[in-house]
2 protein chains.
Amino acid sequence: MLHYPSEWLHGASLGDRIASELRLHVIDGTIKAGEVISENRVAAVFGTSRSPVREALKALANEGLIRLERMGAVVLGLSDEDLDELYDVRFLIESFAQQRLAAVDNGKLLEKLRQMIDKMELAVKHEDMIAFSNLDFSFHEAIIIEAKHARIQHLWKSIRQIVLTVMLITTEEVFSQGAAKLSMVIDKHRKIVSGLETKDVNVIRNVVQDYFADSKVTLHSSLS
Amino acid sequence: MLHYPSEWLHGASLGDRIASELRLHVIDGTIKAGEVISENRVAAVFGTSRSPVREALKALANEGLIRLERMGAVVLGLSDEDLDELYDVRFLIESFAQQRLAAVDNGKLLEKLRQMIDKMELAVKHEDMIAFSNLDFSFHEAIIIEAKHARIQHLWKSIRQIVLTVMLITTEEVFSQGAAKLSMVIDKHRKIVSGLETKDVNVIRNVVQDYFADSKVTLHSSLS
DNA sequence: AATAGTGTACTTGTATACAAGTTAGCAAAA
DNA sequence: TTTTGCTAACTTGTATACAAGTACACTATT
């Protein structure tokens with residue numbers, strides 16, 4: 001059973017840890033949609049009081065993974081359709097961010113992105129799946145942060161944990177498909193860098209569209 | 001001093017009430033950006049324990065109005081730029097929703113929207129500012145809900161309280177500008193209905209663009 | 001006077017206690 | 001058999017208690 005990487009939990013409170021573990025299991029289906037969970041039971045499972053559990057459930061509710069009700073919280077899960085929608089929103093956010101980056105000096109960002117791609121290749125060589133998924137995630141997050149739009153960054157924040165967790169799961173699958181698939185993934189990121197280089201909003205729009213259209217395909221073949 | 005309408009708080013927990021009141025005062029500037037607030041002090045002000053305050057602060061942090069730190073939460077507030085960005089995001093979300101509605105049968109929605117517009121005129125006649133702002137809000141929310149995209153609705157959920165509160169404040173200003181301004185606002189909503197009627201994505205895109213471009217102008221002239 | 005050390009008051013994170021409300025099941029009555 | 005009413009075990013919302021960590025001012029020392 002996949003566990004949430006403990007190195008991603010440094011300095012995290014109990015509430016954060018419970019949220020991360022719960023999130024992972026809701027997304028990977030260990031906790032099934034329709035199930036009803038209560039603060040007390042979750043607290044018992046994790047051996048804590050209700051306080052951190054309460055925070056975790058609030059967080060998961062904010063992310064749309066569960067729905068808080070009068071009695072108990074019902075698990076919503078992430079269906080295939082939900083994943084599609086998640087990528088719709090990722091596209092919306094990243095597309096906005098990249099369009100914005102076309103209008104400013106983005107040299108330093110591009111350098112950073114290229115370094116990340118180098119590290120991706122290293123992670124492939126070391127067969128370090130966790131590092132790879134983290135790099136994939138950080139690549140896109142760097143773009144969004146560099147766009148310097150507080151509200152957009154906030155939208156991102158509301159889905160970032162889900163995206164990170166989904167990437168963790170899908171990367172596991174991609175790794176099992178061998179080096180060819182991985183170099184395709186890396187190449188897609190190179191295309192994004194090339195797109196940003198042009199600083200042409202039309203080129204960028206197409207690049208981002210291609211990226212996410214392709215990602216959706218990978219996503220579906222990976223999860224079914 | 002403007003208070004959060006108590007009729008919007010039916011069945012709300014203490015946490016919700018504190019969040020709403022705090023949100024209003026952060027947005028209207030009664031609580032200034034840069035200020036540091038602590039759970040204890042807020043609890044003392046509202047005469048409650050820290051528990052509901054804690055929830056309220058978490059909610060406000062999720063909305064980006066404050067930033068939680070080791071010691072105390074620092075108020076971020078909503079600058080003019082933040083408001084611009086808020087409307088960027090509103091445009092992004094509603095534009096997506098309306099594009100989606102072009103492809104489906106939206107007759108029932110249109111009927112509902114027209115009824116809302118009628119009620120707006122009634123609210124003007126009765127000089128009921130709170131009802132008007134609520135109708136304006138519900139009009140746009142109805143569009144987003146009807147798009148039936150869970151992730152998009154979630155993005156909306158993460159800003160809806162801020163939008164509602166901003167509308168409450170700006171509507172107060174619009175009302176003070178007299179009937180002519182109000183009928184302009186109502187007319188803008190009629191244009192949206194007309195746009196949706198065409199079911200033409202290009203027409204709709206332009207209508208929504210116009211709507212929010214114009215709203216931004218109103219917003220700025222209203223708050224400075 | 002400047003600085004190092006220390007204590008105090010404040011902060012959050014977590015645990016626990018209690019109150020009020022909801023649900024489900026069972027028993028008793030029609 | 002059906003329905004009504006009650007009980008008992010759950011649920012969340014809120015209050016309170018405690019622990020660990022942080023900032024800041026004050027004091028003693030150089």
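These numbers were taken from a predicted model, which means no experiment stands behind them. Numbered from 1 within each chain, the chains take letters A, B, ... in sequence-line order. Atom set for the values below is all heavy atoms of this structure, side chains included, hydrogens, waters and symmetry mates excluded.
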task = Select base, sugar-phosphate, or nothing to describe what A:Ser51 touches, counting heavy atoms under 4.0 Å on all strands.
result = base

To the nearest Å, how far apart are [X] [atom1] and [N] [atom2]?
{"X": "B:Leu68", "N": "C:dT12", "atom1": "CG", "atom2": "C1'", "value": "9 Å"}
{"X": "B:Asn40", "N": "C:dC10", "atom1": "CG", "atom2": "P", "value": "9 Å"}
{"X": "A:Arg67", "N": "D:dT12", "atom1": "CZ", "atom2": "P", "value": "14 Å"}
{"X": "A:Arg17", "N": "C:dT14", "atom1": "CZ", "atom2": "P", "value": "9 Å"}
{"X": "B:Arg50", "N": "D:dG13", "atom1": "CZ", "atom2": "C1'", "value": "16 Å"}
{"X": "B:Lys58", "N": "C:dG13", "atom1": "NZ", "atom2": "C1'", "value": "9 Å"}

If you look at every heavy atom in A:Phe212 and A:Glu94, which pair is closest and at what distance?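 For A:Phe212 and A:Glu94, the tightest heavy-atom pair comes out as CZ-OE1, 3.5 Å.
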
The side chain of [X] lies closest to which of these nucleotides: [options]?
{"X": "B:Glu39", "options": "D:dT14, C:dT14, C:dT12", "result": "C:dT12"}
{"X": "B:Arg54", "options": "C:dT11, C:dG13, D:dT12", "result": "C:dG13"}
{"X": "A:Met71", "options": "C:dT14, D:dG13, D:dT11", "result": "D:dT11"}
{"X": "A:Pro52", "options": "C:dA15, D:dA15, D:dT11", "result": "C:dA15"}

Compute whether any side-chain donor of one residue and acceptor of the other, for B:Asp82 and B:Ser79, lie under 3.5 angstrom apart.
yes

Check your understanding: Does A:Arg114 come within less than 4.0 Å of A:Glu111, counting only side-chain N to carboxylate O?
Key ->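 Here A:Arg114 pairs with A:Glu111 in a salt bridge, since their nearest N and O are under 4.0 Å apart.
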
Can you work out whether A:Arg70 or A:Glu55 has the more 5'-proximal nearest nucleotide on DNA chain C?
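With A:Arg70 and A:Glu55 compared, the 5'-side residue is A:Glu55.
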
Notebook entry, point to check: Which sits closer to the 5' end of DNA chain C, A:Gly15 or B:Arg41, going by the nucleotide each is nearest to?
Noted result: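 Of the two residues, B:Arg41 wins.
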
- Please confirm whether the backbone N or O of A:Leu92 pairs with a side-chain atom of A:Ser95, one donor and one acceptor, at under 3.5 Å?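 Side chain of A:Ser95 to backbone of A:Leu92: no pair is present.
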
Q. Should the pair B:Lys188 and B:Tyr211 be classed as cation-pi, given the thresholds of under 6.0 Å to the six-membered ring centre and 45° from the axis?
A. yes

Can you tell me if A:Ser38 touches the phosphate of D:dT11, counting only side-chain N or O atoms and a distance under 4.0 Å to OP1 or OP2? yes

